[in-house]
Undergrad: 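The structure that follows is given in the form of structure tokens.
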Amino acid sequence: MNNMRLTERAVQATDTKITARKVQVHYGASHAIKDVDIDILDKTVTAFIGPSGCGKSTFLRCLNRMNDTIAICRVEGAILLDGEDIYDKKVDPVQLRARVGMVFQKPNPFPKSIYDNVAYGPKIHGLVRNKAELDEVVESALRKAALWNEVKDRLNAPGTGLSGGQQQRLCIARAVATSPEVLLMDEPCSALDPIATAQVEELIDELRANFSVVIVTHSMQQAARVSQRTAFFHLGNLVEFGETGQIFTNPRDPRTESYITGRIG
Ligand SMILES: Nc1ncnc2c1ncn2[C@@H]1O[C@H](COP(=O)(O)OP(=O)(O)OP(=O)(O)O)[C@@H](O)[C@H]1O
Ligand SMILES: [Mg+2]
């Protein structure tokens, strides 16, 4: 871990973007998330770490109501975005997901062209006035995702024809194209090589100038490099949450310490 970098990126006083209180998630009879309270800050990268099956993806999906799409999944408790309950009946989940975008563990491009994958969101949400503006948004999103140079000559080719790592960067471009306020990333680099991983980490750092980013990662080096705050989950509980430097150098809970030193996981 590079402590110098952590110090440079010390947490700045920022507003709370998402507040979660007493969140419980059940899949049928199985209790996957237990009484989680967390405040996700604006303009900050928050990392979720913890052993496989501890509930990181489940909790992440609560933050943009992606669990609504899983029939046996039941979410209880309160989740507020800028102080407003995202589970309120008047909230349209599709609109919510434009504000709280998501990149999944497995790349899932639409069966459309590279261009249309990125253009889809800005078009349906009315973010552009004409084709020239749309072209600009598409190019800028592909550049941010470090994919532009590889695809600029084949924008009309199908997105599904790209390599796995390229497909993941396409999904990142698709997510940033709508300028979400919060970007949820579930192990976004697991299909990427070290060069693309470094590019995505750079992008995450740029994004936090404007957005709040929540990233699930199995790489503690990655969490230390990109995040200012880290949450450690274990068996559905949020065990410890704090400044990333503190979590990695001076964890307060023995379970966090065991995990970061490689004794559980
Ligand atoms: N769609 C689902 N239906 C039923 N149970 C589920 C479903 N998704 C997750 N679970 C269960 O919920 C618990 C938490 O899973 P989750 O995928 O959130 O863990 P995770 O921390 O993201 O793990 P990993 O690091 O392996 O991705 C696990 O016991 C898992 O089996
Ligand atoms: Mg997961």
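In this chain, residues are counted from 1 in sequence order. Just so you know, ligand 1 is whichever comes first in the structure, and atom 1 is the first atom listed for that ligand. Given the structure is predicted, the values throughout are model-derived calculations rather than measurements.
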Undergrad: Can we say K22 and D37 salt-bridge, meaning some charged N sits less than 4.0 Å from an Asp/Glu carboxylate O?
TA: no
Undergrad: Consider ligand 1: state whether an atom of it lies below 4.0 angstrom from any non-hydrogen atom of S30.
TA: no
Undergrad: Under 3.5 Å, is there a donor on one side chain and an acceptor on the other for E240 and Q246?
TA: yes
Undergrad: Looking at ligand 1, is there an atom of it that comes within less than 4.0 Å of some heavy atom belonging to G50?
TA: no
Undergrad: Do side-chain atoms of N67 reach the backbone of R74 as a donor and acceptor pair under 3.5 angstrom?
TA: no
Undergrad: Mark yes or no for whether R169, through its side chain, and A146, through its backbone, hold a donor-acceptor pair below 3.5 Å.
TA: yes
Undergrad: Which class fits the ring pair F110 and Y120: parallel under 30°, tilted 30 to 60°, perpendicular over 60°?
TA: perpendicular
Undergrad: Considering only protein heavy atoms, which is closest to atom 27 (O) of ligand 1, and at what distance to one decimal place?
TA: E187 OE2, 3.6 Å
Undergrad: Which heavy atom of the protein is the closest neighbour of atom 3 (N) of ligand 1, given with residue, atom name and distance?
TA: Y27 CD2, 3.6 Å
Undergrad: For the Mg ion (ligand 2), how many protein N, O or S atoms come closer than 2.8 Å?
TA: 1
Undergrad: Less than 3.5 Å between some nitrogen or oxygen of I70 and one of ligand 1, yes or no?
TA: no
Undergrad: Please tell me if atom 30 (C) of ligand 1 is touched by the protein, where touching means a protein heavy-atom distance below 4.0 Å.
TA: no
Undergrad: Is any NZ, NE, NH1 or NH2 atom of the basic residue among D186 and K106 found under 4.0 Å from an Asp or Glu carboxylate oxygen of the other?
TA: no
Undergrad: Do Q168 and V200 have side chains that approach each other closer than 4.5 Å (heavy atoms only, starting at C-beta)?
TA: no
Undergrad: Using the rule side-chain hydrogen bond (donor to acceptor under 3.5 Å, both in side chains), only one of T249, T230, T46 pairs with T244; which is it?
TA: T230
Undergrad: Report the C-alpha separation of C62 and V23 in whole Å, then their side-chain angles, then the decisive distance to 0.1 Å, and conclude whether the side chain to side chain contact (heavy atoms under 4.5 Å, CB included) test is met.
TA: CA-CA 9 Å; C62 292; V23 174; 4.3 Å; yes
Undergrad: Just heavy atoms, cut-off under 4.0 Å: does A32 contact ligand 1 by side chain, backbone, both, or neither?
TA: side chain
Undergrad: When you measure from atom 15 (O) of ligand 1 to each heavy atom in L235, T58, L60, V25, which option holds the nearest one?
TA: T58
Undergrad: Identify all side-chain donor-acceptor contacts of residues 137-145 below 3.5 Å with residues at least two apart in sequence or on another chain.
TA:
residue	atom	partner	partner atom	Å
E139	OE2	R143	NE	3.0
E139	OE2	R143	NH2	2.9

